[in-house]
Amino acid sequence: MSDWMSYDRWPECTRMERPGHVFEVTNDKGQSLFTPCTVPLQLPFDWSSPPTRFRLVVEPPPRRSSPLPPAQEPR
């Protein structure tokens with residue numbers, strides 16, 4: 001992981017991109033998100049304050065859901 005950087009430097013994220021990595025962006029309220037470099041950054045609708053810092057992190061593995069149970073026969 002890289003050091004935290006001020007969100008003012010977000011437009012520089014294109015030079016920091018690496019395969020297998022994403023950016024973690026946080027705000028003062030403790031909310032965070034993992035995102036690729038997109039300028040301008042599209043924030044989630046429920047963020048209650050603007051982003052304040054970001055860092056480059058290894059992309060987390062995808063979360064997989066459990067398989068669906070088999071369909072039941074109609075009665």
Partner residues of Arg18 under the side chain to side chain contact (heavy atoms under 4.5 Å, CB included) criterion, sequence neighbours left out: His21, Leu56
Those residues at least two apart in sequence (or on a different chain) that pass side chain to side chain contact (heavy atoms under 4.5 Å, CB included) with Pro44 are Leu33, Asp46, Trp47
Checking Tyr7 now: which residues fulfil ring-ring contact (aromatic ring centres under 6.0 Å, His included) with it, not counting sequence neighbours? Trp10
Let me see the working for Trp4 and Thr26 under side-chain contact (heavy atoms from CB on, under 4.5 Å), right down to the final yes or no. CA-CA 10 Å; Trp4 288 104; Thr26 64; 3.6 Å; yes
The complete set of disulfide bond (SG atoms under 2.5 Å apart) pairs with one or both residues in residues 44-75, sequence neighbours excluded, reads none
Can you sort out the partners of Ser49 under side chain to side chain donor-acceptor pair (under 3.5 Å), two or more places apart, ordered by chain and number? Asn27
Do Thr52 and Ser6 touch side chain to side chain, with heavy atoms closer than 4.5 Å? no
Distance from Arg15 atom CZ to Arg9 atom CZ, nearest 0.5 Å? 8.0 Å
Note: Glu24 and Val57 closest approach over all heavy atoms is OE1-CG1, 4.0 Å
In terms of heavy-atom contacts, Pro51 and Val25 come closest through CB-CG1, 3.6 Å
Tell me, do Phe23 and Cys37 make a side-chain contact under 4.5 Å, heavy atoms counted? yes
Residue pair Pro60 / Val22, side-chain heavy-atom distance below 4.5 Å: yes
Could you list the residues that satisfy side chain to side chain contact (heavy atoms under 4.5 Å, CB included) with Ser48, not counting sequence neighbours? Lys29, Gln31
